[in-house]
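Computed from heavy atoms alone, side chains included, the values below leave out hydrogens, waters and symmetry copies. Letters A, B, ... are given to chains in the order of the sequence lines, protein chains preceding strands, and every chain is numbered from 1.
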Amino acid sequence: MNTTRHAAPSPQDLDGFRAIQQLAYRCAETVSAQLKPGMTERQAAALMKTWLLDQGVDDWFHQPFAWFGDRTAFRGAVGFKQLGGFNPAFYPGLRRLEEGMPYILDCAPSMNGYTADIGYCGVIGENRILDRLMDDLLEYRELIVSLVKQRKHLSEVSQAVDRLCQRHGYDPRHKAYPFEVLAHRVEKLDNDGEKSHLSLFNFGVRNIGELLKGVAAGRKEGHSPLWSSHAKSDHPPTPGLWAVEPHLGFRDVGAKWEELLVVTEDDAFWLDDDVPHVRRWRARGLLNPVKRAA
Amino acid sequence: MALEPVQVVKSGDVELAVYEWGTTGAKPTVVLVHGYPDAASVWATVAEGLAERYHVIAYDVRGAGLSSVPDHTQAYDLEHLVADLATVVDAMSPDQPVHLICHDWGSIQSWEAVTTERMAGRIASYTTISGPSLDHAAYWIIQRLKSGSPDQVAQVARQIAHSWYVGMFHLPAVAPTLWKAGLDKLWPGLLEKLDGVRVDASDSQRKDGANGVNLYRANFAKRLLKPGERRTEIPVQLIVPRQDKFMVAEIWDDLPQWVPNLWRREADAGHWIQASHPQLVIDWTSEFIDHIEGAEETPALVRARVHARESRSGRVSDRQRGRLVVVTGAGSGFGRETALLFAEHGADIVCVDINLEAAERTVELVRLLGAQAWARKVDVGNVEQMTALADWVEADFGAPDIVVNNAGIGVAGSFFDTSDADWDKVLRVNLWGVIHGAKLFGRQMIKAGRKGHIVNVSSMGGFTPSKFMSAYNTSKAAVLMLSDCLRAELADKGIHVATICPGLSITNITQSTRFVGLSPEQQAEKQARATKLYQRRNLTPDKIAKAILDAVEHRRDEVPVGAEAQGSRLISRLFPTLSRGLARLDLLP
C-alpha cells in the first residue's frame, strides 16, 4: 500500500491542489487588506477562518494562524522548542497590530479532498528589515527546488538551507516548528461530501492522521513525511506534495512563504508560480534570468 | 596671558572688546563666542590655529573680560546679546556672512541669533558646543514629561541634576558673592579637577563669574516657561563632548526637529573642549567651514550628517551612538554578531574580513539596523594590509572608539603533526592579527586623545591546556598575556583593554578548524563532530557579542563566556595541578 502513497499526483489532482492553494492565498490577501492597527492575532485568524468557511472549505490541515511583531521571529515564549516544538504560544494570541509591525498569516484549508498550506507576510506601512527578508526568500525558493531536482537527500537540502541562512546572517526560525521541519507532506484526502470534519487543537484530524500514517510507514521504509536537517530525512525526495516553509528571522522580524512543491519520480517543481511572493519579486525586478551567485 | 583688543565696538550703551587673528581678505571670517564664566581668552589657542586659514574674530560678551558691564539684569536679555553679536559682525565683516563657533552661553545666545530675523543672511554656518537653545531645551523637557515614559522622565531628572548651579544662580547675592570672595582664584584649580583642563588664571575671572550670573537670571525662567518654536535652515555642526559634566547627551536628541541641516560629532572631552582639545576643535570646525564654503563633504562629515527621518527600525538604544567600531572577522560568528549588536545600540561599524563577500553581507545587515557600515577585505596577519586599513580609517574618520580584534582560525591535533606552516598560520592570524590591530589603532587612539576600547578575543583555550590544542591554545594564551601587558601600559591614557574568553561556541571556526595528521575525510568527520558537539552546547555567538558590549560599557578586563570557560578559569587559577591533569585527557571529539 505504501508504494501507492508515494505516487506522483495526476494532472487532475494537481489542478485540485492548485485551486485550493490559490484560494488560501486569496484568503491571506483579502484578510491582509482588512488588517488595521489595534487588531489582535485572534481577530486576524478568525477573519481568515470565516472567509475560508464561506468559500466552502470543509476541513483543515491546521486552522489559521497569525503572528504579529516579534512573534513573527518566534521571539519569547513562541520560540520555546522543547516538547518537540509543540508549543501553545504558537496559537494566535492577543498581540495587537501596530503601524510598521510585521505580520505573518498562515492557513491550511482542505476542500473536496485537496489541501493547501500557505504562509504570507506583510506590514502596515513600511519595514525595511521585512522587505529585505522577503527579497532574500527568493534565493531559498530557487535553492530548494534545484537541489530536489538533483535528487539530493532531503536532510542535505535542509542543511543547505541552514548554510544559506548562516551566510545571510538569518536565524532559520522554521526550527521552532514541531520537529524542526522545513517542510511536511500533504496527502490527498477522500472527497466524502461532508460539509465539515473534526479538528483537535486546531489541527484537522484527517490530515494529521495521514501524516501519522506516513510516519509509521516511513519508519519501516526509511523515509519521513517530516523534512528536516536530521538523520530521519536522510533519504531521496519521495514523490508527492510537500508544503515547504522556510521561515527566516532577523532580530525581531520574521518572514516566510509556504507553498506546495510537487515531487515526481525524477523531477520537482513548484505547484504554482502565480503566488503573491513570486509576483512581488517580479514587480521588484528580482526575477531576472541571470542566476545569482549561490 | 592677556589679549589685546583690536577694536572696541559700541552696541547701545555697551562697549565690546573685540579681538582679531589673521588678516581679512578673501578668507572666510570666523566669529568665536565664549561662554560662562569665561572671556574671549578661552579661545586663544583655537583662534591662533584657525587664523592660519581664516580671518578670526572673538569678543568679550557684555559684562565679561574688557567689555563694559551693564547696570541692570534685563540688559542681559538674549535680544541684547544678539544685537551685540550683530554689531560685532557688521563692524568686522561688513560684506561677508560669518561662520560662528560658540561654546556654552555663547552657544545658547547664538541659537537666538540663528533662529531669529535680526541676523538673517549674516551667518553662513554655526558650530555649537555645549549650549542648547533654551527654547529647544524647554520643548525637550515638555515632550519627555508628557511622554510619561520612565526613561524619558529620568533623562529630564538627570539633566536637572547636571544643572544644579542654575538654580543657585537665581538666589540673590550668593553666586556673585562667592566669586568676589575668592572663587576666582580657586577657579583654575577647580577647572583642572572638573575637566582636567589646565588654564592660566584670567585677570577678569572675578568679573566674568560675578556678572555672567545675570545671563541666567535674565533669560532662564522666561524662556523655559514660555518657549517659542525656533527653527533654522543655517547649517549647524553640533560637537558633543561626551564627558561634559553640565549636559546629558540626550539633550540633543530632538535637535533634528528644529534643524534640517545638521551634523553631529562626538569627542572624548569635557565641557571646556576648546581648552583641552584645541586641535580637534580646529580640525572639525575647519572641515565643516570648508564644506559650507564649497569643498566636498568629507567622509567624516558624511558620517556625521543627521537625517531627520533617520530609520529607527531595529534600533534598540542610543548608548553607543556616535561610536566607530572596527571589527575583524566581521563576516561571520562572533564578529558579525558583535557588529550587529553595536549597530543596534547606535554605533557605526567597519567590518573587516578576509572574505569580502561575507563582510559586505554584514554591512548590509548593519545598515538594515539603521547604522552606517563599511566593508574591507583584510588578512589581519598581514602588516601591510592592516596598516592600509588603519590609515584609511584614520584619514576618513579619525581614530576609532572601539577595536574588536576577533578574527581567528582553529588548528587541532598532536604537536608533532602540527607543521611549521600550521604554526605560522595560526600565530599570524590569532596573535599577529591582534598585535597589528592593537598597535595600529592603539597608536591612533593615543594620538587623538581617544578614551577608547581595545577588545581582544582570546578563548578559554588561553588558560586551558590540552594535549591536542598546542598551537591554538598557545596563540590564545599569548593574546591573554599581551592584553594584560597592554592594559597596564594604556591605563594612564584612559584606553581600556578587554580580553574575551569564549567557551565552546558555535561559529565557522569549528567547521573550518584544521585537524592535523588526518586525511581530508577524517578531517571532515572531525569537523562535523566538533560542530555537532558545539551545537549541543548551544553557546551562540550572540552571547559572545553581548559579553563584548558589556565589557566595553563596564570596562571589564577579562571576561570568560560560558560556564565551561568560567569553570576552567577557576581551575587553572586555584588548582593548576588539576588543570594540567585534565590536559592529558582525550577530550577531542
> Which atom pair, heavy atoms only, marks the closest approach of B:Leu368 to A:Ile129?
Replying inline: O-CG1, 3.9 Å
>> Quick check on A:Arg219: does its CZ atom have over 12 non-hydrogen neighbours (other residues, nucleotides or ligands) under 6.0 Å away?
In response: no
> Does some side-chain heavy atom of B:Arg361 sit less than 4.5 Å from a side-chain heavy atom of A:Arg167?
Replying inline: no
> When rounded to the nearest 0.5 angstrom, what distance separates CG in B:Leu365 from OH in A:Tyr170?
Replying inline: 6.0 Å
>> I'd like to know if A:Arg251 and B:Glu337 make a salt bridge, using a cut-off of under 4.0 Å between side-chain N and carboxylate O.
In response: yes
>> Would you compute the distance between atom CD of B:Glu364 and atom NE2 of A:His168 and round it to the nearest 0.5 angstrom?
In response: 8.5 Å
>> Take a 6.0 Å sphere around NZ of B:Lys543 and say whether it holds more than 12 heavy atoms from other residues, nucleotides or ligands.
In response: yes
